[in-house]
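These numbers come from the heavy atoms of this one structure, side chains and all, not from hydrogens, waters or symmetry mates. By convention in this document, chain letters (A, B, ...) are assigned in the order of the sequence lines, proteins followed by strands, and residues within each chain are numbered from 1. Because the structure is a prediction, the values reported are computed rather than measured.
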2 protein chains.
Amino acid sequence: MATIKDVAKLAGVAISTVSYALNDSTRISQATKDKVLEAAKQLNYRKNGFASDLKRTKTNTIALILSDLAGPFYSELTKGVQEVSMTNGYDLIACSSQGGPQSTAVKFLKEKRVDAAIILAHNISDDIILQSARKGFPIILLDRQLENDFVVQVEVDNYQGGYDATEHLIQHDHKEIAFISGPQNAHDSEMRFNGFKAALRDHDLIHHTKWLMQGDFTREGGYRATKILIAQGNLPSGVFYANDEMAVGGLQAFRENKINVPGDVSIIGFDDIQLAEFTTPPLTTIKQPKYEAGALAMHLILQQLSGQIVNSYYKLSTELIVRKSVK
Amino acid sequence: MATIKDVAKLAGVAISTVSYALNDSTRISQATKDKVLEAAKQLNYRKNGFASDLKRTKTNTIALILSDLAGPFYSELTKGVQEVSMTNGYDLIACSSQGGPQSTAVKFLKEKRVDAAIILAHNISDDIILQSARKGFPIILLDRQLENDFVVQVEVDNYQGGYDATEHLIQHDHKEIAFISGPQNAHDSEMRFNGFKAALRDHDLIHHTKWLMQGDFTREGGYRATKILIAQGNLPSGVFYANDEMAVGGLQAFRENKINVPGDVSIIGFDDIQLAEFTTPPLTTIKQPKYEAGALAMHLILQQLSGQIVNSYYKLSTELIVRKSVK
DNA sequence: CTGTTAGCGCCTTCAG
DNA sequence: CTGAAGGCGCTAACAG
């Protein structure tokens, strides 16, 4: 691999001249530039990104940390992040936190490999984040609350969303409503549950614990929880799934038991994933402003990187998407 | 930001001792290690990843280059890549080639920022790849053919897949079959088309140019192409969409025109995306072994990185998934 | 077991 | 306009 030194030698100039020429400084004559460029091409010279980052002590790249690169859920969010970073000339890399403390994500967070990070990865512990938070290294948290001077949170209003979903069910005359939760400790699931309970309370309805099922945000989890619900006999008239994936699983469970949705039971989800409009029946759900969340996160990073102070908490609102799964 | 130097000073040892201690070398006594670790913690020391990469001249990370990080298509493939890289202790980052020559992907490819790359990004030109290909930098190409000593190709058998799809239609008594292609120059679309033509020929059927529509691999593209097909009057009895996304768009177009699938027209797609089993009717399609492709790509990289020679071309076979869109 | 030292490849003052 | 030189933070001989 040719280095800047080789180019200098071939072009017959000093190393610094090559550096200036390559970075298109005005202090170099066109003739010299041409000579240098020619030599560089001839040697198939590629600059070493690290060496230059090391010198400039900044990388111009932002990390988007996801719990699983293969997860289909993030595409809208990623788009928001991607577009803003691109138009501002920042590089973006995505990495996964699969593998816990050994994961690529943690490595990038801890070692000084990027200028900032956006985190949407429940499998990274608060601890790690706290350890990595430091002056001059903006971290945006999309999926949890965490008090620290150097992290800012962008949250979807899960509480209100949960409230709205539940109220929608109530307004359609459902009085007995089950809730299928996400995994334990999932902050967003909990907030949705709180909204659920509040809506029930405000309408003088009570919540039976037998209609609270633990899921895990996966399709299988929703399927399983629903099967249990069915096995219990005495179905509720409405079910609020803490996310759409689980609702899709639930739909399948109901279908297998010849229970008609929304004829026999109404269901509502959360997220508005792409699939939601294709299920049978199409899923009524709460839409998260994912693109906006991504774009906002990226904007906040840019502001911080340019030295501005930003608030430490932002809340985005949800929207009810009415389709056909509630009667 | 504290450096190794600061740690050394605080711990009262030499710089190299700190380095050894931090990398857990056996040559350092436990007592010294403890002292160093303590000092490091106190200063909230984080090693600078670049500096160390620069020194070792390797990064231990692989880039997965996608044309769009927000694309939903890659999840299976990514999973394959991710799992293999993780179990082998390599870091994986994904980056997008959106933005062409200025994109993050191109930067990573050209500058020496990763040890190897897997490319599935039609919007990166052959040129760039050729320029980046060099000894000691394995590149795996998933989406095109390109002759070079330093790149290896992993391809799905698009020809055979196209052949199988078409033959399936023919075996169900369809004689007039339309083909909706991908974007111009898309290598995979072209191969599928070749398979299509071959199947027709082998069954003594002829292919009318009026039943060849140009799409672009997007849902909208499929929708538009189908609308045109319908507007032409005189529908074919079968349509082969070069990918599932377009088939989903086509389904919508047919529905809007009250044309029943598969009653009035049979359709088949390619890819077997997640959505395919949820459409109405569920889509018959050709499944690509995406997970396998990803895992294979990663394995090939590992082999090359450890100095082994691998073949320069691998072909993976497809599978017909029969659902309900062909009668 | 620990310290000294010479770079990795690049950028950037500071003199010519 | 060009060249010499110092150093970014870290690793790995090599000496003690």
Taking any heavy-atom pair under 4.0 Å as a contact, classify [X]: base, sugar-phosphate, or nothing.
X: B/I28; result: sugar-phosphate
X: A/S16; result: base
X: B/S25; result: nothing
X: B/Y20; result: base
X: A/S29; result: sugar-phosphate

Output the rounded distance in Å from [atom1] ([X]) to [atom2] ([N]).
X: B/K5; N: D/dC8; atom1: NZ; atom2: P; value: 5 Å
X: B/I15; N: C/dG3; atom1: CD1; atom2: P; value: 11 Å
X: B/D53; N: C/dC10; atom1: CG; atom2: C1'; value: 15 Å
X: B/R113; N: C/dG9; atom1: CZ; atom2: C1'; value: 13 Å
X: B/K58; N: D/dA12; atom1: NZ; atom2: P; value: 11 Å
X: A/L22; N: C/dC10; atom1: CG; atom2: P; value: 9 Å
X: B/N48; N: D/dC10; atom1: CG; atom2: C1'; value: 8 Å
X: B/N60; N: D/dT11; atom1: CG; atom2: P; value: 13 Å

Angle between the end axes of the helix from C/dC1-D/dG16 to C/dG16-D/dC1, five pairs per end, to the nearest 10 degrees?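 About 40°, once rounded to a multiple of 10°.
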Residue whose closest nucleotide on DNA chain C lies nearer the 5' end, A/A2 versus B/G12: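 Here B/G12 is the residue nearer the 5' end.
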Is there a donor-acceptor pair under 3.5 Å between the side chain of B/Q153 and the backbone N or O of B/L146?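 It does hold such a pair.
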Is the phosphate of [N] approached by [X] (side-chain N or O, under 4.0 Å from OP1 or OP2)?
X: B/K47; N: D/dT11; value: yes
X: B/S19; N: D/dT11; value: yes
X: B/T3; N: D/dG9; value: no

So, [X] versus [Y]: side-chain donor-acceptor pair below 3.5 Å or not?
X: A/D115; Y: A/T59; value: yes
X: B/D216; Y: B/T218; value: yes
X: A/N123; Y: A/S97; value: yes

Ignoring hydrogens and angles, are the base of D/dG7 and the side chain of A/K55 linked by a donor-acceptor pair under 3.5 Å?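 Yes.
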In terms of the nearest nucleotide of DNA chain D, which residue is placed more toward the 5' end: B/R27 or B/A51?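 So the residue in question is B/A51.
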Gap separating the CG atom of A/L142 from the CG atom of A/L66, nearest 0.5 angstrom: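 A/L142 atom CG to A/L66 atom CG measures 9.5 Å (nearest 0.5 Å).
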Regarding A/K33 and A/D24, does a basic nitrogen lie under 4.0 Å from an acidic carboxylate oxygen?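 Salt bridge flag = yes for A/D24 with A/K33.
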Closer than 4.0 angstrom, basic N to acidic O: yes or no for A/E76 and A/K79?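 Yes, this pair counts.
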Taking all heavy atoms of A/K47 and all of A/S52, pick out the closest pair and write down the distance.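 In this case the closest contact between A/K47 and A/S52 is NZ-OG, 3.9 Å.
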Looking only at non-hydrogen atoms, find the nearest pair between B/Q308 and B/S306 and report the distance.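 Closest approach of B/Q308 to B/S306, heavy atoms only: NE2-OG, 3.1 Å.
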Going by salt bridge (charged side-chain N to carboxylate O under 4.0 Å, His left out), name the pairs with one or both residues in residues 89-106 of chain A, residues two or more places apart or in two chains.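 Of all non-adjacent pairs touching residues 89-106 of chain A, those that pass salt bridge (charged side-chain N to carboxylate O under 4.0 Å, His left out) are A/D91-B/K107.
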Interface with DNA chain D, restricted to residues 32-43 of chain A and to heavy atoms under 4.0 Å: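 Within residues 32-43 of chain A, the residues near DNA chain D are A/T32.
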